[in-house]
Amino acid sequence: MIIDSAALLKIVKDSKYLRYTGEIALQNRAHNVVRKARLMGLLPPASTFPCIDCNGVAYGYDHRDYSKPLEVDPICRSCNVKRGKARGH
């Protein structure tokens with residue numbers, strides 16, 4: 001799922017995690033963007049979607065590339081474990 005919204009792009013630019021560097025910064029920033037999008041109602045709860053891998057009930061959103069914080073997939077816990085770490089981590 002790719003989220004494209006002016007409000008979300010502003011979140012990315014204004015993210016407090018810009019002060020960090022390296023892989024942790026990318027991961028923190030990506031998670032923060034999704035959290036803010038959820039709080040603002042711009043991103044529906046992951047549980048409203050099926051898991052992208054197994055079609056089970058998704059519990060959260062997964063980043064495959066932390067440098068693209070708005071590109072997330074709804075995913076269940078077991079599939080998230082199977083996928084392993086995202087790029088940039």
Side-chain angles (χ1 to χ4, degrees):
M1 171 183 301
I2 299 174
I3 309 301
D4 185 28
S5 165
L8 287 177
L9 293 176
K10 183 177 180 343
I11 292 170
V12 174
K13 291 177 185 174
D14 294 344
S15 176
K16 68 179 180 177
Y17 293 108
L18 291 176
R19 68 177 178 247
Y20 298 110
T21 59
E23 293 176 5
I24 297 298
L26 284 176
Q27 182 180 12
N28 286 343
R29 183 175 174 218
H31 288 261
N32 191 45
V33 167
V34 170
R35 184 184 63 79
K36 285 185 177 180
R38 283 283 305 116
L39 291 173
M40 295 172 66
L42 299 170
L43 186 63
S47 60
T48 63
F49 297 103
C51 171
I52 196 157
D53 291 344
C54 73
N55 289 323
V57 177
Y59 87 99
Y61 288 104
D62 181 49
H63 292 93
R64 296 316 308 151
D65 186 344
Y66 289 127
S67 68
K68 299 173 184 172
L70 301 178
E71 292 185 17
V72 293
D73 297 323
I75 193 160
C76 70
R77 290 183 189 274
S78 61
C79 290
N80 194 18
V81 171
K82 290 176 191 173
R83 283 181 167 209
K85 295 187 182 289
R87 200 182 104 207
H89 187 270

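Atom CG of residue Asp62 and atom CD of residue Glu71 lie 12.0 Å apart, to the nearest 0.5 angstrom.
When every heavy atom of Ile75 is checked against every heavy atom of Tyr61, the shortest pair comes out as CG2-C, 4.5 Å. Tyr59 and Cys76 make their closest contact through CD2-C, 3.4 Å (heavy atoms, listed as atom of the first residue, atom of the second, distance). Residue Ala46 comes nearest to Ala58 through the heavy atom pair O-CB, 3.3 Å, listed as atom of the first residue, atom of the second, then distance.
Arg35 and Asn32 share a donor-acceptor pair across their side chains, judged by distance under 3.5 Å alone.
In the hydrophobic cluster analysis, where Ile, Leu, Val, Met, Phe, Trp and Tyr join through side-chain heavy atoms closer than 4.5 angstrom, Val34 is grouped together with Phe49.
Heavy atoms of other residues, nucleotides or ligands lying less than 6.0 angstrom from CZ of Arg83 number more than 12.
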(message) His63 vs Val33, test: side chain to side chain contact (heavy atoms under 4.5 Å, CB included). Steps then yes/no.
(response) CA-CA 11 Å; His63 292 93; Val33 167; over 6 Å; no

(message) If you apply the rule side chain to side chain contact (heavy atoms under 4.5 Å, CB included), what do you find for Arg64 with Asp73, and how did you get there?
(response) CA-CA 8 Å; Arg64 296 316 308 151; Asp73 297 323; 4.1 Å; yes

